[in-house]
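Okay, so here's the structure we're looking at.
Computed from a predicted model, the values in this text were never measured in an experiment. Below, chain A is the first sequence line, B the second, and so on; all start at residue 1.
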Amino acid sequence: MNQTAEEPIGRRHFMERAILSIFGAIGVMLTPPILGYILSPVFRIREDLSQSTRWAPVAPVSEMETVGDLPRTFDVPYRVKEGWRVRETSRQVYAVRKGGELALFSTFCTHLGCPTAWDDAKRMVICPCHGGLYNNFGEVIGGPPPRNLASLEYKVENGVVYLKDPANVYEVGWKDPRKRA
Amino acid sequence: MEGSFIGSRLAIAITASVHALFATFIVGGMLLGATAESVGVLTRDERYERLSHSIARTLVLMSATVAFLGVVLVLFLTILWPNFWTLLFRIMFWPLIFEASMFLGEAACLYPWYYSWGKWPRKTHLLIAWLGATFGVVAMVMIDTVGSFLLTPRPVAPALHRMLNPSMVQLTLHRFAGNLSWFGFGIAALSAIRYLRTKDPRERAYHEWAGAFAITLGFGFLLLMPIIGFSYLKAIRFASEGAFGRLMLGEKSWIFVLQVFLIDVLILVGTWYMFRIANFHYRDNVYFKRYRLITFLLLAVAAVVFVMPYQMRYIPFAEYFTSAEVNPWGKMQPNKYIAMGVMIGLGILNYGFYLGALRFKTEWGGGGRLPQVLLIVLGLFTIFSMINMGYARENARYPYLIYGKMTIEEEREIGLGGGSREGPTSRQENPEERNRQAPRGLEETRKR
Amino acid sequence: MRQSIRDWFDERVGLDIFERMLQKPLPKRGAWFYTLGSATLTLITLQFITGAFLMFYYVPDGEFAESSIRYITEQVRYGWYLRSMHRWSANLLFIVIGLHIFRVFVSGSFKRPREMTWIIGAFIFWTVIGIGLTGGLLPWDSNAHWIGTVFGNTLSYFPLVGRFLRSALLGGEHVGTLTLTRFYALHVWVLPLVLGILITLHLYLIRKHGLFGSVIEYRDQIRALEAQGVRRESIIVTKMTPDETEPFYPAQVFRDSIIAFSLITLVSLFSTLFPFSPYRGEEPPPTRIIPRPEWFFWSVDEWLMYFPGKLIPIGLVLITLFFLFLPFIPFVERHPEVSPIRRPVSTIIGAWVYLFIIILAMMAGARIFNY
């Protein structure tokens, strides 16, 4: 008697479990591929960067000789790999003579990455987004930026100054990941 | 004739300060009076009615004074600094005319509002109160356009840029919140005086309640002030770097240290008052007592950090105590930011506790003398801080009258201050040089 | 004839459900304030329609996006009109949604048993913000580029997960074609789909519970129940007498129609008078580009500016907590009182928050205007 009364409940119980497992299995089949699909560019950053321009020409050395104490802006054309495409683009760098040495630093504000500009009248590098202020060597003198404008590596070859890794984005945020290594 | 020139500056400064003190009081009062009457209509609470009526009486008494002071100020400007005043009036013709007519409109609403009390239908009466308040706010916006133009001018054309100059919106918001805060503290202090002078328990109940109500607005808007003020200073720094340097980093930075001290006092005393009033509700709560203690300790530490001067050399008498030029503890980033955040954050929390307790407060008038004394202190410090702030703002652009456009030297040559005996060389000197600091280093200018 | 057609449909579709919905009683008092919800729905519908037709010509590609938008605005017949409608109604939508939230908060309409309606409403608000954010990138002009950059870098300040979030959202370390395609997918399909589902749930719940009278006096009812010993939290006040209510159709539908008509007229007027065609004249040189966020992000922009250097994550986390807190409001304020006058603390706090947001936005606007 007891067994016949319990049987439907056992069946019902089984079906509930089965429904759960069926949908769970569907979820398992769908979720990881979709997540991987969406996040695929994240995992490919390094590879993409390695296929972008490593050394981009900034200007001839003769032109760099004329740079003085105040930063001058240079356009740097380079190619960057994005997904399936290699895109031609350009960015800017500041060049300044610091203690007799040529120094290149980024134009991207370290706060949120807005394009800064040198203001001749105020004699400061000014970020138009949130009023970050830097002096002529890219050192923070006010506003929200967390650190100085990123200094950039360069090399001189055949009388031309080349900028290293123009496509890399380590110029914004608290830390410079290059220094950690 | 050097003396008479200083005399003219003094005369204009005093008239302008007192005029501004009364004018802001009226703008805030009109808004608060209209609010109080509306709340009275909605809650059918007699006390709001009485409060708004007495506010109206105060304002009626004051508006004649403010008009008189305004006329005196214009007279002084016309006689003593004709060059400056003509230039300013030409640039800002319409805002100034509009401001005057808006004041007229405000007065034209204020008198019927007071004298028709209880006679006109309620809706008309409310309408006229709010209309007057609107006129007052528009007048304030107009005079702020002029005031902000003096410090952060933009090219005169187009008119929109002249009006919406870099610090105009910030100054307007600062004044708006400041007026309400000032009026809240002012009316609280007045009712505290009335409370202390009367023995009648019913009167005492009303005056204690009026003070508590005024503080809800005064302290609430006080919490907004540092935030708006921060944005305001940022705008000044962006548009008129020299003035900012003079005020925050340079020789006048001690004024700002004083100002911060006044803000500290306002927040601490206001918190003390709020805890006193709210005490009945949390009396049995052990955690609240601990919280109160911790809050006061944190607030005190934050206040000390906030008030610490950075540029020691510009603080009067500081050289007797220390030889250091800068005080590393008084850095703006991040010390003072954190201090400011702590003060505002705890202020909001305490304000919330205060509002929460006020809901359940039914017995008024038994609070004793201490809270009322605190209110009077608050009122006095508010007056002090308003005058100090006005002085700081007007002094920041020295030696300019209109920043970057016209200096006080140019006025001296034409005005009553005596001819230019120093010869033409005095004009050759670039006024910008006076504001320029020693070479900009990282640490030095990091303060803001 | 008409009756027979009606019966035919009634038998197959079940028209009586819809008829009962149309007859649902609504409070007479404050009825005009209840049109804010339908105004939001109107504008969202307009967004769906105009957006769908913009997709006919738009190309989500780093090279061609800007040209395709230029083609829409300059060459396609009425293309400028549809595009301007899309943008203007988006702008208006944020105002209307803000007013709607304020109305619901002040009149206590989120109180029991309407908590779920409020929670889903908060989700709708998040989704709309997401759509506004992703849509800002699609014009793909220099401003859009910097909006994407600033947004990604803002995310990168989140403790622990920041850099991952930035890369996941931008599809790489910087704003490029991959960013555009994923923002496009989010903007035109993923988020609108979510929005549609949420709106359906929202409407279902509104129809289930009916609307709340805004300032109708419930105090006596609550007192009477409390006197009987009912706990304050468990009191539900929903009953309205018949003379306080009227059916949804036609009175409320009439009001809604008027509001919808005025809103769409307004949008149309704005689109005709101030069409969006930012491609006039020459592009400014890169050094002169000033990134300008959409106005509905101004207050967030200003807020983040107050936290310099090491403090940036604090500001970011605080503002995230604010948005995450929105759905929990019904669980914080649980007592059944609904009148804004009789719960002054909530009203004052709500008014403060709105005032603060407006002040921040005004200051950011002044800053952006003057840079």
Side-chain angles (χ1 to χ4, degrees), chain A residues 35 37-49 52 73 75 80-92 94 107-119 125-132 140 142-147 166-175 177, chain C residues 61-63 142 145-157 162-182 185-186 190 285-293 301-313 315-316 364 367-368 370-371:
Chain A
L35 277 182
Y37 177 85
I38 294 175
L39 298 179
S40 151
V42 178
F43 302 126
R44 294 175 65 92
I45 291 169
R46 216 154 274 184
E47 192 187 324
D48 283 356
L49 285 178
S52 308
T73 318
D75 266 319
V80 60
K81 185 163 186 298
E82 281 170 358
W84 75 98
R85 157 187 294 165
V86 178
R87 185 163 60 106
E88 294 275 344
T89 180
S90 76
R91 59 164 296 168
Q92 295 187 311
Y94 293 122
T107 54
F108 299 133
C109 179
T110 51
H111 179 219
L112 292 175
C114 289
T116 60
W118 170 253
D119 189 317
V125 172
I126 295 181
C127 172
C129 284
H130 304 93
V140 185
R147 65 178 162 109
N168 215 339
V169 185
Y170 46 73
E171 295 153 27
V172 182
W174 279 346
K175 280 177 277 181
Chain C
D61 181 292
E63 249 173 75
S142 46
H145 177 89
W146 291 114
I147 287 179
T149 307
V150 167
F151 178 58
N153 287 326
T154 310
L155 287 184
S156 77
Y157 281 106
R163 288 188 160 257
F164 173 77
L165 270 184
R166 176 173 77 178
S167 312
L169 201 87
L170 297 188
E173 286 279 292
H174 48 78
V175 177
T177 302
L178 294 183
T179 320
L180 181 60
T181 46
R182 60 181 53 212
L186 288 172
V190 179
T287 46
R288 291 283 110 225
I289 289 171
I290 296 164
R292 292 170 196 280
D301 194 65
E302 183 78 6
W303 173 261
L304 289 177
M305 200 186 76
Y306 292 138
F307 294 87
K310 297 265 182 247
L311 307 179
I312 298 170
L316 198 59
R367 182 161 54 79
I368 289 163
N370 274 300
Y371 275 167

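For the set A:Gly113, A:Pro144, A:Cys109, A:Cys129, the entry with the most heavy-atom pairs within less than 4.5 Å of chain C is A:Pro144. The candidate with the highest count of non-hydrogen atom pairs below 4.5 Å against chain A, out of C:Ala364, C:Gly162, C:Ala185, C:Gly171, is C:Gly171. Ranked by heavy-atom pairs shorter than 4.5 Å toward chain A, the options C:Leu304, C:Ile368, C:Asp301, C:Thr181 are led by C:Asp301.
Summarising the geometry, atom CG belonging to A:Leu39 is positioned 4.5 Å from atom CZ belonging to C:Phe164; distances are rounded to the nearest 0.5 Å. Atom CD in A:Glu82 sits 12.5 Å away from atom CD in C:Glu173 (nearest 0.5 Å). One finds the OG1 atom of A:Thr89 at 9.0 Å from the NE2 atom of C:His174 (value rounded to the nearest 0.5 Å). Taking CD of C:Glu302 as the reference point, atom NE2 of A:His130 lies at 8.0 Å (rounded to 0.5 Å).
With a 4.5 Å cut-off on non-hydrogen atoms, A:Ser40 does not touch chain C at all. Only the side chain of A:Phe108 comes within contact range of chain C, with heavy atoms under 4.5 Å apart. Residue contact with chain A, scored on non-hydrogen atoms closer than 4.5 Å, is absent for C:Arg292. If you measure heavy-atom distances from C:Ser156 to chain A, you find no contacts under 4.5 Å at all.
Listed for the C:Arg182 side chain is a donor-acceptor partner under 3.5 Å among the backbone atoms of A:Ile38.
Side-chain contact, A:His111 with C:Asn153: no donor N or O sits under 3.5 Å from an acceptor N or O.
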(request) Check step by step if side-chain contact (heavy atoms from CB on, under 4.5 Å) holds for A:Trp84 and C:Leu178. (result) CA-CA 9 Å; A:Trp84 75 98; C:Leu178 294 183; 4.2 Å; yes
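Between C:Glu63 and A:Arg85 there is a salt bridge, since at least one side-chain N of the basic residue sits less than 4.0 Å from a carboxylate O of the acidic one.
Residues A:Pro128 and C:Pro291 have side chains in contact (heavy-atom distance under 4.5 Å, counting atoms from C-beta outward). Looking at A:Cys114 and C:Thr149, their side chains never come closer than 4.5 Å, going by heavy atoms from C-beta outward. Between C:Phe151 and A:Leu112 the shortest side-chain heavy-atom distance does not fall below 4.5 Å.
Heavy-atom minimum distance, C:Tyr157 versus A:Pro146: OH-CG, 3.4 Å.
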